[in-house]
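Along the sequence shown, the residues carry numbers beginning at 1.
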Amino acid sequence: MSEAHHSFCHRDEEPEKKVLYIVGTPIGNLLDLSPRAINILKNVSLICCEDTRNTRKLLNFFKIKNRLVTLNQHNINSKIASILSQLKSGKSVAVVSDAGMPLINDPGDKLVKCIKDNFLDVICIPGPCAALTALVCSGFSCSKFIFYGFITKNKKDRKEILENIKQSKYPSILYESPNRILKLLDDLQEICGGQREINLARELTKKFEQHYGPNIEEVLRNLSNIKPKGEFTLIVNGYEDKKLSSIEALDNIKKDLLDLMKAGLSHSSAANYLAKKHNIPKNKIYSLVTNQT
């Protein structure tokens with residue numbers, strides 16, 4: 001971008017009439033709220049938030065006084081008409097979530113679509129996002145990724161998602177609560193193997209921010225003796241198809257396969273174990289030993 005295209009605003013930005021503002025808020029450290037966001041929250045006609053108690057704490061910290069209304073997954077369908085009416089009457093409205101960017105794993109997309117369908121403007125005031133914050137700290141490629149948020153508890157759908165993560169060439173981003181993070185890691189280990197690279201982040205931007213790695217097995221070992229606390233953001237690195245090209249690598253894996261079979265494992269079970277261990281497709285391991293019973 002050339003210098004001529006840069007634009008910096010050094011004065012307060014007055015909210016425009018008939019505009020819905022999507023305002024990013026801190027994911028932990030309150031000082032991450034931008035000056036532009038502070039100004040918009042001060043001057044819009046009203047603020048829609050998930051929980052008025054949480055948002056009131058943020059506003060009080062910055063000495064902001066404004067009208068709050070609740071907007072969450074339980075009431076959003078009934079609130080859309082009212083918000084649209086207020087915008088059409090010339091008011092400006094801000095939408096915030098309890099933490100991070102609104103609409104990212106939060107309700108609100110129906111509201112934005114309705115506003116745009118009525119030819120009114122929607123403007124985003126950028127702010128923190130746990131998914132991107134964790135991704136750029138992971139050491140994994142950031143150019144392409146898949147965001148899942150909180151994945152379903154439904155066994156069939158959950159397994160399908162985890163299988164997709166196993167085969168994905170790109171990093172996968174997931175959110176999980178402290179009381180379910182070990183279950184998620186166990187499920188991932190079962191499907192992706194313990195050596196799959198991950199970066200697990202907790203308490204992002206807060207005083208006790210932590211990052212765990214480098215793989216599922218090691219993270220589970222580190223978490224086994226502690227009670228997980230805080231919200232977790234998990235980055236699962238993309239699958240790398242490691243070619244079995246060297247004679248030595250082939251011979252070593254073939255020897256391990258034979259040893260496991262001699263110890264009593266079936267051909268299929270032994271191949272499955274080694275496939276997960278080395279992050280290599282099972283059929284490649286299985287074919288190293290043929291005509292075995």
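Hydrophobic clustering (side-chain heavy atoms under 4.5 Å, transitive across Ile, Leu, Val, Met, Phe, Trp, Tyr) keeps V122 apart from V19. Cluster membership check: V112 shares its hydrophobic cluster with V93, using side-chain heavy-atom separations under 4.5 Å among Ile, Leu, Val, Met, Phe, Trp and Tyr. Under the 4.5 Å side-chain heavy-atom criterion for grouping Ile, Leu, Val, Met, Phe, Trp and Tyr, I76 is connected to L20 within one hydrophobic cluster. Side-chain heavy atoms closer than 4.5 Å link hydrophobic residues (I, L, V, M, F, W, Y) into clusters, and following such links, even through other members, never connects F232 to F147. Linking ILVMFWY side-chain heavy atoms closer than 4.5 Å, directly or via other members, places L31 and I125 in a single hydrophobic cluster.
Under the 4.5 Å side-chain criterion, counting only non-hydrogen atoms from C-beta, I198 is in contact with V219. With contacts defined as side-chain heavy-atom distances shorter than 4.5 Å, the pair Y212/E218 does not qualify. Contact annotation: the side chain of L182 approaches that of P228 to within less than 4.5 Å [non-hydrogen atoms, C-beta and beyond]. Side-chain contact between E50 and T70: absent, with no pair of heavy atoms (C-beta onward) separated by less than 4.5 Å. In this structure, the side chains of L135 and F145 come closer than 4.5 Å at one or more pairs of heavy atoms.
Between K255 and the options D251, D259, N252, a side chain to side chain donor-acceptor pair (under 3.5 Å) holds for only D259.
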**Request:** Take L185 and L223 through the side chain to side chain contact (heavy atoms under 4.5 Å, CB included) test and state the conclusion after the steps.
**Result:** CA-CA 10 Å; L185 291 170; L223 295 181; 3.8 Å; yes
**Prompt:** Could you walk me through whether E190 and K276 pass the side chain to side chain contact (heavy atoms under 4.5 Å, CB included) check?
**Reply:** CA-CA 8 Å; E190 174 67 23; K276 290 181 179 179; 3.5 Å; yes
**Item:** side chain to side chain contact (heavy atoms under 4.5 Å, CB included) evaluation trace for I151 with L174
**Value:** CA-CA 7 Å; I151 65 171; L174 302 97; 3.6 Å; yes
**Message:** Between T25 and L30, does the side chain to side chain contact (heavy atoms under 4.5 Å, CB included) criterion hold? Intermediate values first, please.
**Reply:** CA-CA 8 Å; T25 57; L30 296 184; over 6 Å; no
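Smallest separation of non-hydrogen atoms from L33 and G24: CD1-O, 3.6 Å. Considering all non-hydrogen atoms of both residues, L274 and I253 come closest at CD1-O, 3.9 Å. When all heavy atoms of I235 and P171 are compared, the pair lying nearest together is CG2-CB, 4.1 Å. Here the shortest heavy-atom pairing between G108 and L103 reads C-CG, 3.7 Å. Taking all atoms of both residues into account, the shortest heavy-atom contact from C129 to M101 is CB-CG, 4.3 Å. Closest of all the heavy-atom pairs between L68 and T52 is CD1-O, 3.8 Å.
The CD1 atom of I173 sits 11.0 Å away from atom CZ of F140, with the distance rounded to the nearest 0.5 Å. In this structure, SG in C142 is found 9.0 Å from CG in L132, a value given to the nearest 0.5 Å. Atom-to-atom distance recorded for N222:CG and E217:CD is 11.0 Å, nearest 0.5 angstrom. Atoms SG and CG, from C192 and L162 in turn, are 7.0 Å apart once rounded to the nearest 0.5 Å. Rounding to the nearest 0.5 Å places CG of D121 at 10.0 Å from CG of L87. Note that CD1 of I83 and CD1 of I115 are 7.0 Å apart. Values are rounded to the nearest 0.5 Å.
H267 places a side-chain N or O within donor-acceptor distance of the main-chain N or O of Y286, the cut-off being under 3.5 Å. For N39 (side chain) and P35 (main-chain N/O), no donor-acceptor pair under 3.5 Å exists by modelled atom type. Between the side chain of R67 and the backbone N or O of L46, no donor-acceptor pair lies under 3.5 Å.
Here S45 pairs with K91, S92 under the side chain to side chain contact (heavy atoms under 4.5 Å, CB included) rule; sequence neighbours left out. When the side chain to side chain donor-acceptor pair (under 3.5 Å) test is applied to K282, the partners found at least two apart in sequence or on another chain are S268. Evaluation of the side chain to side chain contact (heavy atoms under 4.5 Å, CB included) rule for Y273 yields L260, K277 as partners, not counting sequence neighbours. Considering only residues two or more places apart in sequence or on other chains, K254 meets the side chain to side chain contact (heavy atoms under 4.5 Å, CB included) condition with L258, L288, V289. Among residues two or more places apart in sequence or in another chain, the side chain to side chain donor-acceptor pair (under 3.5 Å) test is passed with R36 by E13. Among residues two or more places apart in sequence or in another chain, the side chain to side chain donor-acceptor pair (under 3.5 Å) test is passed with S269 by S266. Remark: T133 engages I27, L204 in a side chain to side chain contact (heavy atoms under 4.5 Å, CB included) (not counting sequence neighbours).
The stretch residues 159-178 participates, sequence neighbours left out, in these side-chain hydrogen bond (donor to acceptor under 3.5 Å, both in side chains) pairs: S177-N179. The stretch residues 74-88 participates, sequence neighbours left out, in these side-chain hydrogen bond (donor to acceptor under 3.5 Å, both in side chains) pairs: K88-N118. Residue pairs meeting the side-chain hydrogen bond (donor to acceptor under 3.5 Å, both in side chains) criterion with at least one partner in residues 196-208, sequence neighbours excluded, are E197-N237, N199-H211, R202-Q210. Residues in residues 93-114 take part in these side-chain hydrogen bond (donor to acceptor under 3.5 Å, both in side chains) pairs, two or more places apart or across chains: N54-D98, K113-D117.
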Distance-only donor-acceptor pairs under 3.5 Å for side chains of residues 59-66, two or more places apart:
unit_1 : atom_1 : unit_2 : atom_2 : d
N60    : ND2    : R56    : O      : 3.3
N66    : ND2    : L41    : O      : 2.8
N66    : ND2    : V44    : O      : 2.9

